[in-house]
Amino acid sequence: MDKLWYLSRISIFDSLSPEDFKEIDMMAPMTHFNAVPKGTLIQTPEHHRDGLFFVKTGKLRMYKVNAEGKQFTTAILGSGNMFGEIDSLSFGTHDMYIETIEETLICSVLREHFEKFLLKRPKLAMRFLKVLSNQLKEKEELLEKLAIGNIEDRVLHLLLKLSEQFGTENDDFVKIDFPLTHQEIANMIGITRESVTTILKDLSKKGILRTGRMQISVHSQKIKAYLNHAEF
């Protein structure tokens with residue numbers, strides 16, 4: 001697959017003309033021609049990336065580490081999502097750890113080239129600002145939910161968010177469409193693997209979710225009712 005195909009799959013570019021794609025192709029060399037393996041730390045707060053980056057395929061996890069060394073996920077980025085910093089657009093990622101949670105392909109754009117490109121396309125610039133605003137709002141909401149409340153609620157908030165972003169429907173359940181180990185869930189919300197295992201077993205017995213080998217399916221309506229302390 002060439003770069004134009006990957007760029008055409010990124011949702012924010014769905015209104016661009018073939019000429020626009022060709023111009024982006026000329027100014028946006030791939031960061032990685034080969035896939036970045038799962039579990040690769042591609043950024044730390046001390047060594048952040050300048051420029052704008054697009055997730056073509058795969059998934060990334062953005063997280064912070066508190067004084068006790070616990071990790072707290074602030075966002076999961078999938079195909080079509082962006083991260084990075086340029087003068088006119090900031091996704092607030094400089095102080096984040098960014099790690100691949102599955103094999104991932106990324107495309108980068110040089111700051112100078114992209115800013116000139118946006119100046120000629122004010123409608124596209126407005127679309128970027130809207131995407132930026134939505135991503136920052138979602139990140140703040142998720143971080144707040146994962147940092148407060150009991151650990152069961154934090155697990156449920158995380159699984160609900162993942163099902164909304166990366167879910168495929170199966171009967172009344174939604175399957176989270178990538179493998180998840182108990183340790184990976186624990187890392188995302190700063191609790192122990194043992195706690196995750198206990199919580200998932202209990203929620204499975206209640207019919208709120210189904211678990212398999214590194215696979216989780218959730219009943220979204222039951223989760224929402226459970227979080228609201230209602231009957232489900």
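Evaluation of the salt bridge (charged side-chain N to carboxylate O under 4.0 Å, His left out) test over residues 99-109, restricted to residues two or more places apart or in two chains, returns K59-E102, R61-E99. Screening residues 159-168 for salt bridge (charged side-chain N to carboxylate O under 4.0 Å, His left out), with sequence neighbours left out, gives E138-K161. Within the structure, every pair that satisfies the salt bridge (charged side-chain N to carboxylate O under 4.0 Å, His left out) test and touches residues 175-186, not counting sequence neighbours, is listed here: K38-E184. Applying the ring-ring contact (aromatic ring centres under 6.0 Å, His included) test to every pair with at least one member in residues 190-213, sequence neighbours left out, gives no pairs at all.
With contacts defined as side-chain heavy-atom distances shorter than 4.5 Å, the pair I42/F83 qualifies. Taking 4.5 Å as the limit, every side-chain heavy atom of I189 sits out of range of all side-chain heavy atoms of I151.
Taking H219 as the reference, nothing meets the side chain to side chain donor-acceptor pair (under 3.5 Å) condition, with sequence neighbours excluded. For T192, the side chain to side chain donor-acceptor pair (under 3.5 Å) partners are S195, not counting sequence neighbours. Judged as a ring pair (Phe, Tyr, Trp, His ring centres under 6.0 Å), and not counting sequence neighbours, F72 has no contacts. Every side chain to side chain contact (heavy atoms under 4.5 Å, CB included) that M126 has, sequence neighbours left out, goes to L129. Not a single side chain to side chain donor-acceptor pair (under 3.5 Å) links T40 to another residue, sequence neighbours left out. Residues passing the salt bridge (Lys or Arg N to Asp or Glu O under 4.0 Å) test with K70, sequence neighbours excluded: none. Legend: residues meeting side chain to side chain donor-acceptor pair (under 3.5 Å) with R210, ordered by chain and number and at least two apart, are absent.
Taking all atoms of both residues into account, the shortest heavy-atom contact from T100 to V36 is CG2-CG1, 3.8 Å.
Under the 4.5 angstrom side-chain criterion for Ile, Leu, Val, Met, Phe, Trp and Tyr, the cluster partners of L41 are Y63, V65, Y97.
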